[in-house]
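To start, the structure itself, in structure tokens.
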Amino acid sequence: MKKVLISILILVLIVGAGVGGFFIGKNFKGDGSTSAVTKEAVVEVLDNFSYSAGWIKKDDTATRATSNTQAYEEDVINYDGYEDLIKTYVFFTKYALLNTDVQEKEFYYSTATYTMFDTQYTGNMGLYYEFGENCAFITICDFNSDITITLIVDIQPVQDNTYVMNILTDTSMVNKNYQEGFTIQQLYMDQYANEIYSYSLLTVNTSKTNLTDITIDDVSDMQLFGCDIKTNQLINIYKDEIATEETYNFDALMNVYKEQVSRFSSVTFGNRDYKEIDALEKAYLNIGYQVI
């Protein structure tokens, strides 16, 4: 399978001091307390992200100096066209974990077909998950596109009473095309699940597999996108702007990506003993697709 792996391989994209989800940040740490990580706890956090984003209804039960940001006056997050993709990962994970037969460190497979604009699509996804300290690592394989996605779901606030969800993908998505490289997306949610207030995406097109000494010269293209409705800022820059950036510079971005990657071990799919589940069909239905 195609996998751009890091030799050190195994949601905080910028090292230094940071703005929300614009990927500049510190090592995020909680208050030192430890909570039991369970499927129910992870589902609750995923639901809170969904409530905050407005994807489902809730039922009863600091600005950096850069010339590349622009004013953003909307009161909803701009996901740069990736919202449905993120929702698919979140809902697929949720419904997999709600299945009482789904267990940690096992491989699962799910398929579903839906129609959109008179065109039929069939999704085929695999899932594997492990629990860490105060977090869960959910690895999803999109067999159709031959890409692997890892969600890092922290079940406690990690900074200033803020929840952060990281989504790492082993391919570049520059210009919405899957190519060699990698991507990290990050969503910030306030502790009360009132809103997701910041979204960030860093996607890098490169054939280099050892990222220990990677430089911007090893990169064909890259994009940093960020939208923050608390600071009313949006950033959308590519390789040429990043090459001359002082705040959102290449090394800072790479350090944050490496930090997240170092938190977990890679998972390979392929020839495995899979157990089939119906989570993908439920995910598509909750997104609003017409499942057939």
Side-chain angles (χ1 to χ4, degrees), residues 1-3 11 21 39 42-57 76-99 102 107-117 119-129 136-153 163-174 176-179 182-189 196 199-203 225 227 267 269 274-292:
M1 295 179 64
K2 176 193 69 177
K3 216 170 156 59
L11 311 144
K39 292 200 295 183
V42 177
V43 168
E44 181 179 0
V45 173
L46 293 175
D47 268 343
N48 284 338
F49 270 101
S50 299
Y51 299 146
S52 301
W55 299 334
I56 59 176
K57 294 182 178 179
V76 294
I77 290 291
N78 180 343
Y79 293 94
D80 195 33
Y82 292 104
E83 185 172 8
D84 276 0
L85 197 62
I86 297 169
K87 288 162 68 174
T88 300
Y89 301 151
V90 169
F91 289 146
F92 179 49
T93 299
K94 169 185 172 178
Y95 287 107
L97 296 183
L98 284 174
N99 186 325
V102 171
F107 286 86
Y108 297 92
Y109 174 82
S110 190
T111 185
T113 300
Y114 66 93
T115 58
M116 180 180 292
F117 305 119
T119 302
Q120 183 172 301
Y121 303 89
T122 298
N124 298 282
M125 289 189 177
L127 180 139
Y128 173 96
Y129 74 94
F137 304 105
I138 294 96
T139 303
I140 297 168
C141 181
D142 183 336
F143 291 112
N144 290 355
S145 301
D146 194 17
I147 63 174
T148 302
I149 307 99
T150 299
L151 277 66
I152 304 177
V153 182
Y163 286 90
V164 182
M165 180 165 59
N166 290 280
I167 303 173
L168 294 91
T169 308
D170 68 342
T171 189
S172 163
M173 297 190 291
V174 177
K176 306 295 189 299
N177 294 318
Y178 290 136
Q179 304 174 71
F182 55 87
T183 300
I184 179 170
Q185 299 174 80
Q186 190 177 72
L187 293 84
Y188 279 69
M189 175 181 71
I196 291 176
Y199 166 73
S200 305
L201 171 141
L202 171 69
T203 186
F225 179 89
C227 178
V267 175
F269 287 80
Y274 294 93
K275 300 174 182 177
E276 189 162 358
I277 55 177
D278 63 354
L280 189 56
E281 179 179 340
K282 292 178 178 178
Y284 287 159
L285 286 169
N286 277 266
I287 294 171
Y289 295 163
Q290 184 177 351
V291 177
I292 59 176

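Please read these numbers as outputs of a predicted model, since none were measured by experiment.
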Looking at residues at least two apart in the chain, or sitting in another chain, which of them share a ring pair (Phe, Tyr, Trp, His ring centres under 6.0 Å) with F91? none

Listed by chain and number, what are the salt bridge (charged side-chain N to carboxylate O under 4.0 Å, His left out) partners of K87, not counting sequence neighbours? D84

What one should report as the nearest heavy-atom pair of G123 and N144 is CA-ND2, 3.7 Å

Going from CG on D80 to CZ on F225, what distance comes out if it is rounded to the nearest 0.5 angstrom? 4.5 Å

Trace of the side chain to side chain contact (heavy atoms under 4.5 Å, CB included) decision for I56 with Y51: CA-CA 5 Å; I56 59 176; Y51 299 146; 3.3 Å; yes

Of all heavy-atom pairs linking F92 and G126, the shortest is CE2-O, 3.9 Å

Check the pair T183, Y82 against side chain to side chain contact (heavy atoms under 4.5 Å, CB included), reporting the backbone distance first and the verdict last. CA-CA 12 Å; T183 300; Y82 292 104; over 6 Å; no

With sequence neighbours excluded, give me every side chain to side chain donor-acceptor pair (under 3.5 Å) pair touching residues 277-288. Y95-N286

For the residue pair Y274 and F107, categorise the inter-ring angle as parallel (less than 30°), tilted (30 to 60°) or perpendicular (more than 60°). perpendicular

Checking Y121 now: which residues fulfil side-chain contact (heavy atoms from CB on, under 4.5 Å) with it, not counting sequence neighbours? Y114, M116, T119

With sequence neighbours left out, the residues meeting side-chain contact (heavy atoms from CB on, under 4.5 Å) with T113 are Q120, T122, I292

K39 side-chain N/O to V102 backbone N/O, donor-acceptor pair under 3.5 Å: yes

Least distance between heavy atoms, F49 atom then L187 atom: CE2-O, 3.8 Å

Could you give me the CA-CA distance, side-chain angles and deciding distance for T148 and V267, then say whether side chain to side chain contact (heavy atoms under 4.5 Å, CB included) is met? CA-CA 9 Å; T148 302; V267 175; 6.0 Å; no

With rounding to the nearest 0.5 Å, note down the distance linking CD1 in I147 to SG in C141. 8.0 Å

If you measure from CD1 on I149 to OG1 on T169, what distance do you get to the nearest 0.5 Å? 5.5 Å

Does N124 use its side chain to pair, donor to acceptor, with the backbone of F143 at less than 3.5 Å? no

Are the side chain of T139 and the backbone of Y129 linked by a donor-acceptor contact shorter than 3.5 Å? no

What's the separation between atom CD1 in I86 and atom OG in S50, rounded to the nearest 0.5 Å? 11.0 Å

How many angstroms lie between CD1 in I287 and CH2 in W55, if you round to the nearest 0.5 Å? 9.0 Å

Derivation and outcome, side chain to side chain contact (heavy atoms under 4.5 Å, CB included), residues F182 and D170: CA-CA 5 Å; F182 55 87; D170 68 342; 6.0 Å; no

Rounded distance [0.5 Å steps], CG in L151 versus CD in Q185: 9.5 Å

Where do A96 and I277 come nearest, in terms of heavy atoms and distance? CB-CD1, 3.9 Å

Show me the pairs that pass salt bridge (Lys or Arg N to Asp or Glu O under 4.0 Å) and involve residues 283-292, at least two apart or across chains. none

For K94 and L46 the tightest heavy-atom approach is N-CD1, 3.9 Å

With a 4.5 Å cut-off on side-chain heavy atoms, are K275 and Y109 touching? no

Test your reading of the model: is there a side-chain donor-acceptor pair from S110 to the backbone of L280, 3.5 Å cut-off? yes

